[in-house]
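A note on names: the letters A, B, ... follow the listed sequences, proteins ahead of strands, and every chain is numbered from 1. Remember, predicted model here, so these are calculated numbers, not experimental data.
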Amino acid sequence: MRWSQFYLFTTREVPSDAEVVSHRLMIRSGMIKKVAAGIYTYMPYGWRSLQKLSTIVRRELEAAGATELSMPAVQPAELWEESGRWQEYGKELLRIQDRHNRDFCFAPTAEEVITDIVRRDVSSYRQLPINLYQIQEKFRDEIRPRFGLMRGREFLMKDGYSFHTDDASLDDSYQAMQQAYCRIFEACGLEYSVVEADTGNIGGSSSHEFMVLAETGESAVVRCAECHYAANTEKATTRGLLAPPALPANERQLVPTPGAKSVEEVSTLLQIEPSQVVKTLLYETEDGLVAALVRGDREINEIALTNHLGVQHLTLASEEKVRAATGAPVGYAGPVGLDESIRQVADSSVRELDGWVCGANQGDAHYTGCRWERDAGTVEWADILLVEPGDPCPKCGRPLDGFRGIEVGHIFKLGTKYSEKLSCTFLDNEGQSHSMPMGCYGLGIGRTVAAAIEQNHDEDGIIWPRPLAPFEVLVNVLNPKDPEVSAAADAIYASLREAGVDVLYDDRDERPGVKFKDADLIGIPVRIVVGGRSLAQGTVELSHRRDRERHAVAPDAVVSRVLEWLSADSG
RNA sequence: CGGGGCGUAGCUCAGCUUGGUAGAGCGCACGGUUCGGGAUCGUGAGGCCGGAGGUUCAAAUCCUCUCGCCCCGACCA
């Protein structure tokens, strides 16, 4: 491809709204253009990279036994009502009406449509298992889109679905998909980690996320270097957290704590550790108020709490609700003497405490010297602590490491959640009818490319891992107006194309400085510079974007050297 | 949806406090000198100041309302 004929315009300056590196570089290198919040045009240079990744994804999925199809983006409400998600999905589901006022949505995912397809076509165990996928634009009306392709509202995603006769078969496909994902991310040269995850509103019994390690990642992950336990902190648990020293607990005492609302203030005032305080947070749910109890020095994992309660919505209770429920301002709630109608859930970590301190459900007062069995009401025990780096691994007890990640893939064992609702059944070899266990497998195409840039760049621009690079080789002719230089560059370009190399030929009549800066910015892995200076020595210059070290090579040796480099750097 | 902030030339921004002929840099066009790391000099094009009302002799500037965008929290590939 000749640059002069390609639609690629780089910019020196960045729009002020781009904050993270991948977003800035994608805009500066002319990969994407914003059309509205979270909605982008993939420009030719960016589209090529997305296509490269899509090709890798197709190759690995087909190898793992999946088959591609393409489902509609606009889907009828009826199917979503059948699964219950027309109500459950909430505002994130973009709903539209046609000219007859019939309801439709723009698909955020495609469980309903795929299940509808399979239930019509499949009726026998002999036809199973089935594994289908598509690569398609999805729409989720995100509360807050941000960071370019990292969190768009419309985004390119590979979504796959599998159907089975039993859980063992589902396990097989789940494993096969997990391995295919690993091969995909490895092929892209990404540093990633597979972690246990919460299933969110997709539902199902178990799931794993693929996290690309990056400072700017939106997800927090903990990992054990010893036994390789790894989990999103939304899902992570811990065991054997060191309990703080017990306090005297012969009798419970009401102590005045005027103005001390926070755990910090209370523990300072009473000269104890924050960890010896039982922190009580009141939440509102559709089933009423809930009190969540956790150690004073720690946070609550609201997702774990939501899952434990089995509720849809969970938000911190308002000031008024707290006052009405406890008779005290925010900051003085506690499990002792709390209204019995309020469900209480306590994290296992506070069970070890003895002689603990808590709010007295009256203004400016706390209890000291409390004991669970003696003083507290009915308490459910659950793991609702937000795990932090340094906490013991739940499997082996070693301290967990923490890091941030970008969630580029997420796989789920759905079980029969959708197949039951939509009556997707098959007959077994005894003529018995069963719902099909299902799996579902998502992979963010745009997000993976963004993640690759987050992991591979320097201050001058992108450093593409070869498999995702929009082009593999850049031929840069420094003075295209010089017939001799131009002819030499043309010849190299032609012979590279003949050799099947994916090459961009910067034949633009620009100053060398401009072309060098652009080359660094757009980050094509291998660069060939053809200029009068080196050509006079009978050579051209080859370099890798990663180290930019120049190698003088005779023009007729360029192709073989380039092929050598590309195969060495095959990812 | 809560909290914070921003809409002025294609892009990055100044001007607004204290109302009075709309500015700079980059980019773009033309010409000169340049030509291996975003050259330089000159000339020029380009803006109903997000939109609608209002106050005023006069509004980018003050007021009201709207729309859009960004950042921080709850969602997710």
Side-chain angles (χ1 to χ4, degrees), chain A residues 9-20 23 27-28 33-39 53 57 89-93 108-110 135-160 181 197-202 207 209-212 217-219 232 234 283 302-303 306 313-316 318 405-412 440-451 460-461 476-482 485 509-521 527 529-536 540-541 548 550:
Chain A
F9 303 103
T10 61
T11 61
R12 186 184 297 206
E13 282 171 307
V14 206
S16 52
D17 54 22
E19 298 259 317
V20 302
H23 188 195
I27 286 177
R28 286 196 57 208
K33 273 201 163 44
K34 187 171 80 176
V35 177
I39 300 177
L53 175 55
V57 167
Y89 217 105
K91 288 188 174 174
E92 226 169 275
L93 184 64
T109 170
I135 296 176
Q136 186 222 35
E137 290 291 313
K138 298 292 179 299
F139 199 98
R140 293 183 191 172
D141 202 356
E142 294 276 351
I143 300 160
R144 189 151 82 86
R146 57 180 147 179
F147 301 160
L149 295 195
M150 208 86 94
R151 179 181 297 279
R153 290 195 292 170
E154 182 173 332
F155 59 99
L156 192 59
M157 179 171 91
K158 188 258 9 171
D159 49 322
Y181 275 39
D198 183 72
T199 55
N201 65 6
I202 306 276
S207 83
E209 290 170 329
F210 291 75
M211 293 285 185
V212 168
E218 295 185 273
S219 306
N232 192 314
E234 292 175 348
Y283 286 93
E302 294 186 355
I303 291 180
T306 304
H313 306 288
L314 182 88
T315 50
L316 271 175
S318 64
I406 300 166
E407 182 195 347
V408 290
H410 197 163
I411 59 177
F412 303 77
C440 100
Y441 317 96
L443 192 156
I445 303 289
R447 189 182 275 185
T448 300
V449 170
D460 293 317
N476 187 355
V477 57
L478 289 185
N479 18 25
K481 280 181 174 163
D482 179 327
V485 176
D509 184 19
E510 291 286 351
R511 298 174 57 82
V514 172
K515 302 180 99 165
F516 283 127
K517 287 289 183 191
D518 272 345
D520 288 344
L521 176 61
R527 183 197 304 176
V529 175
V530 183
R533 192 185 287 177
S534 51
L535 209 56
V540 298
E541 286 162 16
R548 286 184 278 202
R550 299 175 199 176

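The same atom, P, is picked in B:C11 and in B:C1; the two are 28 Å apart, to the nearest Å. With C1' as the reference atom, B:U18 and B:U61 are 10 Å apart, rounded to whole Å. Nucleotides B:A60 and B:U21 have their P atoms positioned 10 Å apart, rounded to a whole Å. A gap of 41 Å separates the C1' atoms of B:A58 and B:C41, to the nearest Å. If you take atom C1' in B:G19 and the same atom in B:C63, they sit 13 Å apart, rounded to whole Å. Between the C1' atoms of B:G23 and B:G4, the separation comes to 29 Å (whole Å). Nucleotides B:C26 and B:U43 have their P atoms positioned 14 Å apart, rounded to a whole Å. Spacing between B:A59 and B:G15 at atom C1', rounded to whole Å, works out to 14 Å.
For the pair A:M157 and A:R447, the minimum side-chain heavy-atom distance is 4.5 Å or more. Side-chain contact between A:E92 and A:P108 is absent, with no heavy atoms from C-beta onward closer than 4.5 Å. Here the side chains of A:T448 and A:L443 are in contact, with some heavy-atom distance below 4.5 Å. Under the 4.5 Å side-chain criterion, counting only non-hydrogen atoms from C-beta, A:I135 is in contact with A:I445. Annotation: side chain of A:T109 is in contact with side chain of A:R140 (closest heavy-atom distance under 4.5 Å).
With rounding to whole Å, A:D198 atom CG is found 14 Å from B:A74 atom P. Rounded to an integer number of Å, the gap from CD of A:E218 to P of B:C76 is 13 Å. With rounding to whole Å, A:F412 atom CZ is found 9 Å from B:A77 atom C1'. Between A:E92 atom CD and B:A77 atom C1' the separation is 11 Å, expressed in whole Å. Taking atom CZ of residue A:R12 and atom P of nucleotide B:C13, one finds them 16 Å apart after rounding to whole Å. Here B:C11 presents its C1' atom at 11 Å from NZ of A:K33, a figure rounded to the nearest Å. Put simply, NZ on A:K138 is 18 Å from C1' on B:C75, counting in whole angstrom units. Between A:I303 atom CD1 and B:C75 atom C1' the separation is 8 Å, expressed in whole Å.
In this structure, the nucleotide among B:U12, B:C75, B:G38 sitting nearest to the side chain of A:E13 is B:U12. Counting only heavy atoms from C-beta on, A:H410 has its side chain closest to B:A77 among B:A77, B:G38, B:G37. Across B:G73, B:A77, B:G38, the shortest atom-to-atom separation from the side chain of A:I143 is found for B:G73.
To the nearest 0.5 angstrom, A:R548 atom CZ is 14.0 Å from A:E541 atom CD. One finds the CZ atom of A:F516 at 6.5 Å from the CZ atom of A:R527 (value rounded to the nearest 0.5 Å). To the nearest 0.5 Å, the span separating CD on A:E302 from OH on A:Y283 amounts to 3.5 Å. Here CD of A:E510 is found 7.5 Å from NZ of A:K515. Values are rounded to the nearest 0.5 Å.
Pair assignment for B:U33 gives B:A39, based on Watson-Crick or G-U wobble hydrogen-bonding distances that are each under 3.5 Å. The partner of B:C6 is B:G68, by the rule that a Watson-Crick or G-U pair needs both atom distances under 3.5 Å. If you check B:C16 for Watson-Crick or wobble pairing at under 3.5 angstrom, you find it has no partner at all. Using Watson-Crick or G-U wobble geometry with both donor-acceptor distances under 3.5 Å, B:G27 finds no partner in any strand shown. When both distances must be under 3.5 Å, the Watson-Crick or G-U wobble mate of B:U21 does not exist. Pairing of B:G73, defined by two Watson-Crick or G-U wobble distances under 3.5 Å, is identified with B:C1. If you check B:C62 for Watson-Crick or wobble pairing at under 3.5 angstrom, you find it paired to B:G54.
Between A:M150 and A:K517, it is A:K517 whose nearest contact on RNA chain B lies nearer the 5' terminus. Along RNA chain B, the nucleotide nearest A:T11 and the nucleotide nearest A:L443 are compared for position; the residue whose nucleotide lies closer to the 5' end is A:T11.
Within the 4.0 angstrom heavy-atom criterion, base atoms lie near A:D518. Residue A:G152 is classed as a base contact, given a heavy-atom separation below 4.0 Å to a base. Here A:V514 lies in heavy-atom contact (under 4.0 Å) with a base.
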Checklist entry - What string of B, S and - do you get for nucleotides 31-36 of chain B 5' to 3' if you count protein non-hydrogen atoms under 4.0 Å? => result ---BSB
Checklist outcome for this item: Protein-proximity profile, nucleotides 67-72 of chain B, B/S/- by nucleotide at the 4.0 Å heavy-atom cutoff, equals --SSSB
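Residue side chain A:R447 reaches the base of B:C76 through a donor-acceptor N/O pair under 3.5 Å, judged by distance alone. One donor-acceptor pair, N or O on each side, does fall under 3.5 Å between the base of B:C75 and the side chain of A:R151.
Partners of A:F139 under the ring pair (Phe, Tyr, Trp, His ring centres under 6.0 Å) rule, at least two apart in sequence or in another chain, are A:F106.
Considering all non-hydrogen atoms of both residues, A:M211 and A:G405 come closest at SD-C, 3.9 Å. Minimum heavy-atom separation, A:N232 to A:S219: ND2-CB, 4.1 Å.
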